[in-house]
Amino acid sequence: VTSHWIPLINDRTDKDSRVPLILVGNKSDLVEHSSMETILPIMNQYSEIETCVECSAKNLKNISELFYYAQKAVLHPTGPLYSPEEKEMKPSCIKALTRIFKISDLDNDGILNDNELNFFQRTCFNIPLAPQALEDVKNVVRKNMSDGVKDNGLTLKGFLFLHTLFIQRGRHETTWTVLRRFGYDDDLELTQEYLFPLLKIPPDCTTELNHNAYLFLQSVFDKNDNDRDCALSPDELKDLFKVFPYMPWGPDVNNTVCTNEQGWITYQGYLSQWTLTTYLDVQRCLEYLGYLGYSIIQEQESQAAAITITRNKRIDLQKKQTQRSVFRCNVLGVRGSGKSGFLQAFLGRNLARQKRIREDRKSYYAISTTYVYGQEKYLLVLPDFEFLSEADLACDVVCLVYDISNPGSFEYCAKVYKKHFLDSKTPCVIIAAKSDLHEARQYYSLSPLDFCRKHKLHPPQLFTCNTDEAPSKDIYTKLTTMAIKSALMHSSLLQSQMWSHGSYEHFLFGCVSSRVFF
């Protein structure tokens with residue numbers, strides 16, 4: 001019989017085959033001796049063979065066992081996990097289990113302590129381990145390797161050893177239960193359903209992280225900020241993203257958010273980047289939270305639970321209330337007018353610091369926090385592109401920037417305002433950039449001040465980032481205030497209130513003292 005099986009296996013299998021095989025010796029009732037001694041060498045020769053069993057349909061010997069093994073071979077196959085030839089787990093399995101270990105290591109000390117082991121056990125198997133059972137597990141590891149247990153906790157080597165032991169003893173279902181709980185499919189890839197849970201976003205709504213998501217991200221930051229300096233060094237950032245299949249943040253992120261003097265992303269900058277990703281590309285945010293194990297650590301159905309979908313802006317306008325905490329400011333102006341400087345100044349960088357930014361590390365965005373009505377809000381600042389699309393124009397407040405030293409600079413601002421924002425509900429502010437330079441007479445028919453008077457805009461706001469210290473952030477607080485106020489009243493009314501009050505400070509005081517709820 002054996003001679004018939006070998007050609008069949010050779011013809012039907014190959015090294016890349018994912019179909020598990022079971023060798024079945026039927027009609028065992030017709031022979032008095034077992035052929036298992038002959039079959040076992042064949043089983044060891046072909047890794048695709050999950051198991052072999054002798055049975056008899058006549059007297060029902062091992063029939064139920066046969067179907068049990070067949071089901072087990074499909075649901076918990078050995079092939080993706082383990083190499084019988086090498087007698088060790090496959091690299092893809094080690095990679096997946098290493099990520100699971102890092103996610104479960106809540107304090108990032110390289111050890112799973114009893115609390116972390118119990119959380120892991122409860123997460124995967126819905127029951128905690130008794131104290132004696134925990135000790136028994138660690139004793140098994142101690143007996144087999146010297147560095148599997150450290151400070152009475154399980155190391156990564158010990159964790160991987162336990163799973164190798166499970167597989168070698170035929171308990172593949174244990175390892176598969178862990179892998180599937182952490183989002184892996186039969187090819188040991190994270191499933192699309194895990195990374196991208198369904199999230200429907202109605203038109204004219206935005207996406208933000210909720211309070212629990214920020215708490216989770218804070219805990220991720222804290223566990224990787226090893227020197228407790230409230231900033232992530234390049235090595236700390238790299239370690240944080242080890243649970244990702246790729247490095248998600250490039251060097252441009254350091255010029256998108258606040259950094260310390262060494263150029264390292266601060267705690268505020270870290271949360272700001274997550275806020276930006278959630279606002280601009282929520283699907284990518286879901287993917288990133290999936291890599292971090294958000295739904296597992298937070299015990300949620302999916303990472304969609306981390307997202308707040310803001311209500312339609314028209315409803316905010318009707319109710320004169322808004323729950324939003326992220327507001328978008330589009331910055332428009334001709335090339336060289338100072339838009340990039342305006343973005344970087346929001347991050348506290350004067351002209352001297354900006355000149356040190358490499359061309360290939362420049363960012364299209366800037367995001368940071370401002371305080372309005374005593375509450376922290378995020379302002380996302382984006383420059384325009386050469387061709388203004390509907391998406392480019394969709395924002396909460398607009399900055400029209402011109403260079404006061406360039407006589408042809410203001411004309412672009414005037415034309416863009418008249419074409420896109422004259423009848424818009426979006427509030428606009430004229431920024432007179434590079435105010436440290438000599439002011440040139442603009443070629444446009446109206447001076448910037450007369451233009452603002454004609455269209456009932458606030459007078460041009462002088463701005464420069466050529467300062468000894470960090471540039472003032474007052475203008476960004478004003479922009480955020482305008483963005484919030486625009487969500488609660490029509491732009492024409494907003495502009496007229498600004499104009500009639502005579503000064504922006506008076507207008508801000510009116511905003512603060514009005515009954516606006518968040």
Looking at [Y] and [X], is there a salt bridge between them, counting it only when a charged N and a carboxylate O are closer than 4.0 Å?
| X | Y | result |
| --- | --- | --- |
| Lys102 | Asp105 | no |
| Asp186 | Arg180 | yes |
| Asp396 | Arg324 | yes |

Looking only at the side chains, is there a donor atom on one of [X] and [Y] sitting less than 3.5 Å from an acceptor on the other?
| X | Y | answer |
| --- | --- | --- |
| Glu287 | Tyr291 | yes |
| Ser104 | Glu116 | no |
| Ser409 | Ser337 | no |
| Thr278 | Arg284 | no |

Could you go step by step and tell me if Asp281 and Leu276 meet the side chain to side chain contact (heavy atoms under 4.5 Å, CB included) rule?
CA-CA 8 Å; Asp281 191 351; Leu276 180 148; over 6 Å; no

Given Phe196, Phe244, Phe216, the one that forms ring pair (Phe, Tyr, Trp, His ring centres under 6.0 Å) with Tyr288:
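When Phe196, Phe244, Phe216 are each tested with Tyr288, the ring pair (Phe, Tyr, Trp, His ring centres under 6.0 Å) holds only for Phe244.
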
Do [X] and [Y] have ring centres separated by under 6.0 Å?
| X | Y | result |
| --- | --- | --- |
| Phe463 | Phe342 | yes |
| His211 | Tyr214 | no |
| His455 | Tyr417 | yes |

Does Gln303 use its side chain to pair, donor to acceptor, with the backbone of Tyr194 at less than 3.5 Å?
yes

Are [X] and [Y] packed together at the side-chain level, in the sense that at least one heavy-atom pair is separated by less than 4.5 angstrom?
| X | Y | value |
| --- | --- | --- |
| Cys285 | Ile307 | yes |
| Leu382 | Tyr364 | no |
| Gln268 | Cys258 | yes |
| Tyr270 | Gln218 | no |
| Ile431 | Pro460 | no |
| Val429 | Leu400 | no |
| Gln273 | Ile265 | no |

For [X] and [Y], which heavy atoms make the closest approach, and how far apart are they?
| X | Y | answer |
| --- | --- | --- |
| Ala433 | Val401 | CB-CG1, 3.7 Å |
| Cys428 | Leu457 | O-CD2, 3.9 Å |
| Val326 | Tyr279 | CG1-CD1, 3.6 Å |

Could you walk me through whether Leu160 and Leu156 pass side chain to side chain contact (heavy atoms under 4.5 Å, CB included), step by step?
CA-CA 6 Å; Leu160 295 176; Leu156 174 60; 4.0 Å; yes

Evaluate side chain to side chain contact (heavy atoms under 4.5 Å, CB included) for Asn255 paired with Arg349, printing each intermediate quantity in order.
CA-CA 10 Å; Asn255 297 311; Arg349 294 167 190 154; 3.7 Å; yes

Sole candidate of Thr369, Leu479, Ile367 that passes side chain to side chain contact (heavy atoms under 4.5 Å, CB included) when paired with Leu379:
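Of all the options given, the one that passes is Leu479.
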
Just to verify, what does Glu411 make a salt bridge (charged side-chain N to carboxylate O under 4.0 Å, His left out) with, not counting sequence neighbours?
Lys415

Can you check ring pair (Phe, Tyr, Trp, His ring centres under 6.0 Å) on Phe410 and Phe451, steps first, answer last?
CA-CA 10 Å; Phe410 179 72; Phe451 182 88; 5.4 Å; yes

Residue among Asp474, Thr477, Thr480 satisfying side-chain hydrogen bond (donor to acceptor under 3.5 Å, both in side chains) with Thr370:
Thr480

Is it true that, when you exclude Glu376 itself, more than 12 heavy atoms of the residues, nucleotides or ligands shown sit nearer than 6.0 Å to its CD?
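Yes - once you tally the heavy atoms of other residues, nucleotides and ligands closer than 6.0 Å, there are more than 12.
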
Arg314 atom CZ, neighbour heavy-atom count above 12 within 6.0 Å:
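No - once you tally the heavy atoms of other residues, nucleotides and ligands closer than 6.0 Å, there are 12 at most.
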
Using the side chain to side chain donor-acceptor pair (under 3.5 Å) rule, take Asp239 and Asn108 through it: C-alpha gap first, then chi angles, then the decisive distance, then the call.
CA-CA 10 Å; Asp239 189 51; Asn108 200 35; 3.3 Å; yes

Test log, rule side chain to side chain donor-acceptor pair (under 3.5 Å), inputs Thr206 and Arg328:
CA-CA 10 Å; Thr206 58; Arg328 174 171 174 165; over 6 Å; no

